[in-house]
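Take a look at the structure below.
Hydrogens, waters and symmetry mates are skipped; everything else that's a heavy atom, side chains included, is used. Note that ligands are numbered from 1 as they come in the structure, with each ligand's atoms numbered from 1 the same way. Since the model is a prediction, treat every value here as computed from it, not as a measurement.
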Amino acid sequence: MLIVQKYGGTSVGTIDRMRAVARRCLATQRQGHDVVVIVSAMSGETNRLLALAAEIQAHPDPRELDVIGSTGEQVTVALLTMALLELGVKARSYTGWQVKVLTDSAFTRARIVSIDEERIRADLNDGTVVVVAGFQGIDGKGNITTLGRGGSDTSAVALAAALKAEECQIYTDVDGVYTTDPRLVPEAQRLHTITFEEMLEMAGAGSKVLQIRSVEFAGKYKVPTRVLSSLTDPDLPVTEEAKAGTLITFEEDPHMAMEKAVISGVAFQRDEAKITVKDVPDRPGIAYAILGPIADAHIDVDVIVQNVGHDGMTDMTFTVGRADYAKAMKILKDKVQPHIKCREVSGDERIAKVSIVGMGMRSHAGIAAQMFRTLAEEGINIQMISTSEIKITVVIEEKYTELAVRVLHKAFELDQV
Ligand code: ADP
Ligand code: ASP
Ligand code: MG
């Protein structure tokens with residue numbers, strides 16, 4: 001049986017940690033598994049590389065940014081492979097382009113198109129542990145690409161899908177998916193399982209424990225995916241450890257669902273910005289005229305609210321990541337405003353999104369009211385609201401993020417699951 005294991009930055013943050021990872025790979029192999037390992041860069045390294053680029057260019061050239069950003073992972077695959085060789089394990093490292101992780105050409109946020117698994121299979125067949133660099137790929141023209149921050153998760157799940165692995169194990173610095181970020185709320189509880197739909201919403205709402213695209217891959221190809229801690233004893237048999245961690249499930253167990261809390265988790269995303277386009281003509285095509293050019297610039301837009309029209313005019317407000325704020329404002333002021341003749345484009349860079357997520361929302365009424373009441377009791381003003389079948393998101397002033405997450409976590413009794 002084939003197991004794909006992914007180790008994040010902290011898990012390979014020191015040489016000793018890498019040795020521990022090598023021991024875990026060996027323990028897994030000794031259990032009779034074929035092992036493919038995906039690694040991130042050492043913790044802090046990707047930030048360091050991107051900061052170097054920013055010292056030279058205020059807006060670094062995206063193609064060159066990927067050339068530099070991808071080097072962190074090239075270091076860790078070789079070091080981990082050496083650690084494996086030292087343990088007497090047959091092992092070999094590959095970069096994303098050697099394995100051929102083919103992506104589109106959207107530098108710094110490329111999407112995986114296909115993976116050529118032939119070379120990996122040949123190695124596995126002669127008992128070699130295959131170590132593949134996460135986060136990186138190559139486009140059809142031979143350019144190096146990267147998959148967006150946190151992209152090694154996606155490399156791992158995509159490889160697990162291509163290789164039809166028995167399980168994709170995401171090893172990180174927490175021992176699973178929690179009801180909220182345990183760094184912010186110490187009372188957060190580990191979830192033994194989480195449905196794919198909930199995990200998708202949590203990741204989309206800012207829980208960076210898994211990159212959202214990795215969850216999309218897991219769902220599309222039904223890859224059994226488990227989040228685990230790399231900081232436990234590496235020599236423990238994996239099956240023992242597998243009892244810990246969080247398994248992403250694809251079908252809701254009706255028995256579990258009855259016992260489960262209505263809300264599974266609280267997610268938050270700081271570093272957001274909101275943009276308002278005021279007094280635009282209320283006619284067909286206007287949303288496209290505003291958001292089309294934003295999409296063309298590969299800027300992701302999230303919560304979108306359009307007011308009810310008045311006197312043939314309306315306002316539109318939406319959120320973007322703070323890193324994209326200046327670029328989005330420039331596009332709107334230079335290209336959109338002269339064209340649609342709106343009165344004003346204004347923005348606020350100090351907002352955050354807080355979301356509650358849970359399958360139970362489908363069958364329980366009053367969840368939104370409870371959320372809004374809880375925030376009102378703390379005097380937190382809600383600026384925007386958006387919902388899906390299993391998620392409610394509010395946009396609030398950034399300084400209230402921590403308070404909002406804490407009170408919601410308590411109000412929905414997530415410290416008791
Ligand atoms: P890695 O380097 O292993 O990829 P990340 O830092 O990307 O690790 O993701 C793990 C971190 O995600 C944890 O340290 C934790 O602070 C954060 N996190 C946010 N939300 C959650 C959550 N709901 N459950 C667990 N961890 C979370
Ligand atoms: N090293 C990359 C990052 O820091 C990819 C990853 O760790 O998943 O975003
Ligand atoms: Mg990560």
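Here the side chains of I275 and V345 are in contact, with some heavy-atom distance below 4.5 Å. Counting only heavy atoms from C-beta outward, the side chains of D123 and Y94 approach each other to under 4.5 Å. No side-chain heavy atom of Q306 sits less than 4.5 Å from a side-chain heavy atom of D315. Between E272 and V395 the shortest side-chain heavy-atom distance does not fall below 4.5 Å.
Here the heavy atom of the protein found nearest to atom 14 (O) of ligand 1 is R183 NH2, 2.5 Å. Protein heavy atom nearest atom 7 (O) of ligand 1, with residue, atom name and distance: K208 O, 3.6 Å. For atom 25 (C) of ligand 1, the closest non-hydrogen atom on the protein side is G176 O, 3.4 Å. Considering only non-hydrogen protein atoms, atom 9 (O) of ligand 2 sits nearest to R149 NE, 2.7 Å. With respect to atom 15 (C) of ligand 1, the closest heavy atom belonging to the protein is D181 OD1, 3.3 Å. Here the protein heavy atom with the shortest distance to atom 2 (O) of ligand 1 is G9 N, 3.1 Å.
A heavy-atom separation below 4.0 Å is not found between G134 and ligand 2. Residue contacts with ligand 1 include K6, since one or more of its heavy atoms lies under 4.0 Å from the ligand. Distances from ligand 2 to the non-hydrogen atoms of E73 include at least one value under 4.0 Å. In this structure, A267 has no heavy atom closer than 4.0 Å to ligand 1.
With atom 6 (C) of ligand 2 as the reference point, the heavy atom nearest to it among S214, S152, S70 is part of S152. With distances taken over non-hydrogen atoms, the option nearest atom 13 (C) of ligand 1 out of V209, D173, D175 is D173. The closest non-hydrogen atom to atom 1 (P) of ligand 1, taken over T172, L210, I194, comes from T172.
The only option from R322, R350, K353 that meets the salt bridge (charged side-chain N to carboxylate O under 4.0 Å, His left out) definition with D271 turns out to be R322.
A donor atom on one side chain and an acceptor atom on the other are not found under 3.5 Å apart for S229 and D175. Of the N and O atoms on the side chains of R109 and T103, not one donor lies less than 3.5 Å from an acceptor on the other residue. A donor and an acceptor atom, one from each side chain of T14 and D16, are nowhere located under 3.5 Å apart. Checked by atom type, the side-chain pair Q169/Y171 shows a donor-acceptor distance below 3.5 Å.
Annotation: the span from R30 atom CZ to R23 atom CZ amounts to 11.0 Å, rounded to 0.5 Å. Expressed to the nearest 0.5 Å, how far CG of L414 lies from OG1 of T179 amounts to 5.0 Å.
Near S40, meaning under 4.0 Å from one of its heavy atoms, ligand 2 places the atoms 6 (C), 7 (O), 8 (O). The V177 neighbourhood of ligand 1 comprises atoms 24 (N), with distances under 4.0 Å to a heavy atom of that residue. Here is the list of ligand 1 atoms found below 4.0 Å of a heavy atom in S207: 20 (N). Counting atoms of ligand 1 from 1 in the listed order, those under 4.0 Å from a heavy atom of Y178 are 22 (C), 23 (N), 24 (N), 25 (C).
A donor-acceptor distance shorter than 3.5 angstrom exists from the side chain of S388 to the backbone of I390, with no hydrogens or angles considered. The backbone N or O of G219 lies less than 3.5 Å from a partner atom in the side chain of K222, making a donor-acceptor pair. At distances below 3.5 Å, at least one donor-acceptor pair connects side-chain atoms of T180 with backbone N or O atoms of V266.
Where the criterion is an N or O separation shorter than 3.5 Å, residue side chain and backbone included, G9 fails it with respect to ligand 2.
No part of M42 comes within 4.0 Å of ligand 1, judged by heavy-atom distances. In V174, the part holding a heavy atom less than 4.0 Å from any atom of ligand 1 is the side chain. Neither the backbone nor the side chain of S11 has any atom closer than 4.0 Å to an atom of ligand 1 (non-hydrogen atoms only). Contacts with ligand 1 closer than 4.0 Å are made by no heavy atom of I170, backbone or side chain. Under 4.0 angstrom from ligand 2, there are no non-hydrogen atoms of Q211.
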